[in-house]
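Worksheet for the structure shown next.
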There are 4 protein chains.
Amino acid sequence: MPENIKKLTPRRRPKQGRSRDTVEAILTASQQILLRNGLKGFNTNVVAKRAGVSVGSLYQFFPGKEAILAALVRDMRRDMLADLIAAQQASNAGDLADVIGAMIDASLKHHLRAPELTATLEQAEAQLPMDAETQALKSNMFQLVLGVLQRHAIEDPETVTQDVIAMCHGMVDAAISAGERDFDEISSRLRRATINYISATN
Amino acid sequence: MPENIKKLTPRRRPKQGRSRDTVEAILTASQQILLRNGLKGFNTNVVAKRAGVSVGSLYQFFPGKEAILAALVRDMRRDMLADLIAAQQASNAGDLADVIGAMIDASLKHHLRAPELTATLEQAEAQLPMDAETQALKSNMFQLVLGVLQRHAIEDPETVTQDVIAMCHGMVDAAISAGERDFDEISSRLRRATINYISATN
Amino acid sequence: MPENIKKLTPRRRPKQGRSRDTVEAILTASQQILLRNGLKGFNTNVVAKRAGVSVGSLYQFFPGKEAILAALVRDMRRDMLADLIAAQQASNAGDLADVIGAMIDASLKHHLRAPELTATLEQAEAQLPMDAETQALKSNMFQLVLGVLQRHAIEDPETVTQDVIAMCHGMVDAAISAGERDFDEISSRLRRATINYISATN
Amino acid sequence: MPENIKKLTPRRRPKQGRSRDTVEAILTASQQILLRNGLKGFNTNVVAKRAGVSVGSLYQFFPGKEAILAALVRDMRRDMLADLIAAQQASNAGDLADVIGAMIDASLKHHLRAPELTATLEQAEAQLPMDAETQALKSNMFQLVLGVLQRHAIEDPETVTQDVIAMCHGMVDAAISAGERDFDEISSRLRRATINYISATN
DNA sequence: GATGAATGAGGGTTCATTCAT
DNA sequence: CATGAATGAACCCTCATTCAT
């Protein structure tokens with residue numbers, strides 16, 4: 001799929017000057033549109049207009065609308081991975097529950113920062129083909145959790161990793177879509193679910 | 001939103017005769033299209049053609065394309081609820097783990113019957129406004145689990161219900177999208193996750 | 001190139017009813033647009049508008065704008081081939097010059113019927129990939145001339161066929177673009193050019 | 001049409017310095033693009049990029065994209081006319097067939113030097129309005145042939161000139177598009193066609 | 001002069017929906 | 001009721017051209 005790659009990779013990623021601002025404006029506008037209109041109402045014309053930019057400019061930086069979504073997802077995953085790594089390192093000394101808990105909190109913080117936008121982006125992520133970097137980022141997250149479980153001698157760590165990530169994903173989505181916003185409350189449930197699941201393995 | 005309701009409710013749902021067949025043909029065709037082309041490739045013209053029916057007829061029975069998706073989701077939820085009820089009644093004599101396990105198996109069986117289609121329908125469900133009946137069905141499922149937990153004197157049963165459903169949802173989705181198709185294997189992990197979570201509550 | 005074929009073959013070719021009229025209207029409008037605006041000014045929106053038809057309808061019958069051009073070219077070649085065959089059969093009794101002359105006249109008549117349109121269509125033909133039928137039609141024309149030359153024992157008849165067709169093509173184009181419209185005058189020059197070329201071969 | 005003239009005439013045609021190089025780079029890049037992408041893929045942005053020049057600079061020297069094509073056509077015609085004149089002078093002593101033959105060879109050499117590019121440029125020439133100089137160049141070529149025919153007392157020399165040029169044009173195009181690249185072979189056929197046509201006049 | 005980001009009109013195509021037959 | 005041709009708003013994307021720096 002060489003086409004797909006071209007469609008999801010930004011055309012240019014300028015690090016400075018006018019271009020930088022344009023890209024920033026497009027991404028910000030995109031988030032706003034996504035928030036207000038949802039995935040269905042997300043299209044290049046609206047984004048360009050809200051960004052105060054011409055369609056042409058938009059296409060100068062993004063090969064298509066999917067590329068914008070891909071960029072937003074990528075950024076989200078980048079931030080998340082960075083925070084997960086930080087959380088894991090900060091809590092490295094603790095026992096398994098501490099490390100897992102710290103990582104859960106890091107991830108949860110992301111969701112609660114912009115719950116609706118995150119939800120929409122995860123929707124987008126689910127129906128888009130994933131670009132290479134995002135794939136790598138997700139793989140890294142998986143490896144991060146996997147490493148923790150391995151270091152604590154958990155049996156069949158790959159499966160447990162998948163399940164732990166999945167159950168958190170499910171619970172967080174449900175909590176947020178139910179309108180919950182209490183960090184500690186959700187965190188404690190996630191910890192309970194994961195720790196008990198992991199413990200029950202051995 | 002009177003519009004939304006009109007858009008998701010079938011104009012009528014004939015129980016017999018040629019009309020019944022037409023509706024059936026449309027729904028079957030829709031599933032096939034969804035399976036082959038995904039949500040993006042799902043559109044009324046294609047569905048009508050595959051169903052061997054004119055677009056006009058399609059609109060005779062469904063007020064719009066979302067209504068077809070809504071109907072498929074509704075049917076899925078109907079079946080599921082029926083099976084959940086049956087599972088719960090059949091295992092009523094057992095302890096909490098038995099009942100929960102039986103319900104998990106019922107739900108899992110649904111997913112494994114047509115994994116990709118189910119996944120696509122759940123996607124659709126997530127981005128569609130939900131019609132009244134589907135809402136009622138989901139509420140009933142919730143009540144069903146809630147009742148079980150209450151009967152076993154679980155603390156804060158509403159939250160636990162939400163979480164149990166959510167973690168199963170998450171884990172099943174992940175397993176299926178990872179290509180897993182082994183019923184017993186997935187079932188045992190779901191049981192472990194839910195039972196341990198519920199037990200840890202008290 | 002399966003894509004190319006889809007792009008040049010009409011979606012449906014209705015032989016009766018409303019559809020027939022629509023297709024006819026589109027083709028007629030296309031000729032008018034081509035005549036007034038040239039190839040550059042030829043686009044689906046204009047064609048649809050002039051045809052008194054919606055763009056959607058246009059795309060119901062033609063998979064794209066190139067398909068319309070392809071259809072016009074095809075029709076032109078079909079007519080031409082039919083007349084060439086008729087001319088060849090009618091003059092079969094005569095000597096080589098008679099047959100060639102008759103065929104030249106048939107072809108020339110076509111050009112003079114709508115000189116500018118024909119010129120534009122030949123332009124289109126030159127830059128479009130040719131669909132299967134048009135290819136076959138052109139091949140048949142070639143075979144027709146080739147057969148005549150072979151029956152008269154002309155040496156290297158393939159090359160001569162190509163050259164004879166090509167020189168007529170060139171001379172007719174030039175004459176028409178120079179504004180000439182005198183059938184007999186042009187015909188007599190074409191006959192002189194071809195016959196002398198063919199005779200000089202042996 | 002003052003517009004047309006402005007659009008086809010280069011803003012200036014510097015004879016030295018950096019500007020000269022820029023213009024040269026643009027023209028060379030244009031030929032490459034034309035060769036690789038065809039007329040349809042020829043656009044100012046691509047040309048500028050390949051020329052290693054900014055679009056702005058391109059517009060400094062050419063008032064629009066058609067002007068670039070016009071310049072390429074003009075250059076081609078200039079070269080051709082020069083070679084035709086040389087050929088005619090070199091063979092002036094010979095008889096009619098010698099002179100015509102020499103001129104045919106000169107022209108054919110041009111086509112075979114870069115057959116595809118030449119074909120594309122002739123296509124462009126056909127759909128572009130012709131600028132004054134190109135018109136003059138073509139007129140000069142016509143006069144050149146006309147002069148030869150007149151000096152040999154050919155009847156109705158204008159018409160014959162037009163026809164001779166046209167039949168060569170047609171035959172060369174056909175030969176080249178058929179993949180022929182054998183200079184002598186094509187030349188001999190062109191000579192046969194022209195000489196016999198001219199001779200048959202009187 | 002040179003640059004290249006920005007513009008936006010223009011043109012291609014799809015598809016949900018209507019309506020005359 | 002069924003049909004399916006017709007509609008046209010909505011989107012996507014390109015590229016000739018301008019203009020602030």
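In what follows, chains are A, B, ... by sequence order, proteins preceding strands, each numbered from 1. The model shown is predicted, which means the values in this text are computed figures rather than measured ones.
Across the protein-nucleic acid pair, D:Arg20 atom CZ and E:dG1 atom P stand 16 Å apart, rounded to whole Å. Summarising the geometry, the separation between CD1 on A:Ile26 and C1' on E:dT7 is reported as 13 Å, rounded to the nearest angstrom. Between C:Gln60 atom CD and F:dA5 atom C1' the separation is 6 Å, expressed in whole Å. Here E:dT17 presents its P atom at 9 Å from NZ of B:Lys65, a figure rounded to the nearest Å. Between the P atom of F:dA16 and the OH atom of A:Tyr59 lies a distance of 18 Å, rounded to the nearest Å. Nucleotide E:dG1 holds its P atom 14 Å from the CG atom of D:Asp21, rounded to whole Å. Going from atom CZ of A:Phe62 over to atom C1' of F:dT14 covers 18 Å, rounded to whole Å. The separation between C:Lys40 atom NZ and E:dG10 atom P is 12 Å, rounded to whole Å.
Of the inter-residue distances, the one linking A:Thr44 atom OG1 with A:Ile33 atom CD1 reads 11.0 Å to the nearest 0.5 angstrom.
Remark: D:Ser54 is in phosphate contact with E:dT3, judged by side-chain N or O atoms under 4.0 Å from OP1 or OP2. Distances shorter than 4.0 Å separate some side-chain N or O of A:Thr22 from OP1 or OP2 on E:dA6. Close to E:dC15, at under 4.0 Å from its OP1 or OP2, lies no side-chain N or O of B:Thr44.
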* Asked: Dot-bracket, DNA chain E: Watson-Crick or G-U, under 3.5 angstrom, [ ] crossing, | other strand?
  -> .||||||||||||||||||||

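Nearest-nucleotide positions on DNA chain F for C:Val53 and A:Gly64 put C:Val53 closer to the 5' end. Summary of the strand contacts: A:Phe42 and B:Asn45 both lie near DNA chain F, and taking for each the nucleotide with the nearest heavy atom, the more 5' one is attributed to B:Asn45. The residue among D:Gly56 and C:Ser57 whose nearest nucleotide of DNA chain E lies closer to the 5′ end is D:Gly56. Between C:Val55 and D:Val55, the one whose closest nucleotide on DNA chain E sits nearer the 5' end is D:Val55.
With sequence neighbours excluded, no residue forms a side chain to side chain contact (heavy atoms under 4.5 Å, CB included) with B:Ala132.
Relative to the side chain of D:Asn43, the nucleotides F:dG4, E:dA9, F:dC15 differ in distance, and F:dC15 lies closest.
By the 4.5 Å heavy-atom criterion applied to side chains, A:Leu72 and A:Leu117 are not counted as neighbours. Taking the side chain as every heavy atom from C-beta outward, B:Phe62 and B:Leu27 approach each other to under 4.5 Å. Side-chain contact between A:Glu66 and A:Pro129 is present, with at least one heavy-atom pair separated by less than 4.5 Å. The closest side-chain heavy-atom distance from C:Leu39 to C:Leu69 is below 4.5 Å.
Using a 4.0 Å cut-off between charged side-chain N and carboxylate O, A:Glu133 and A:Arg78 make a salt bridge.
Here C:Val46 lies out of heavy-atom contact (under 4.0 Å) with every strand.
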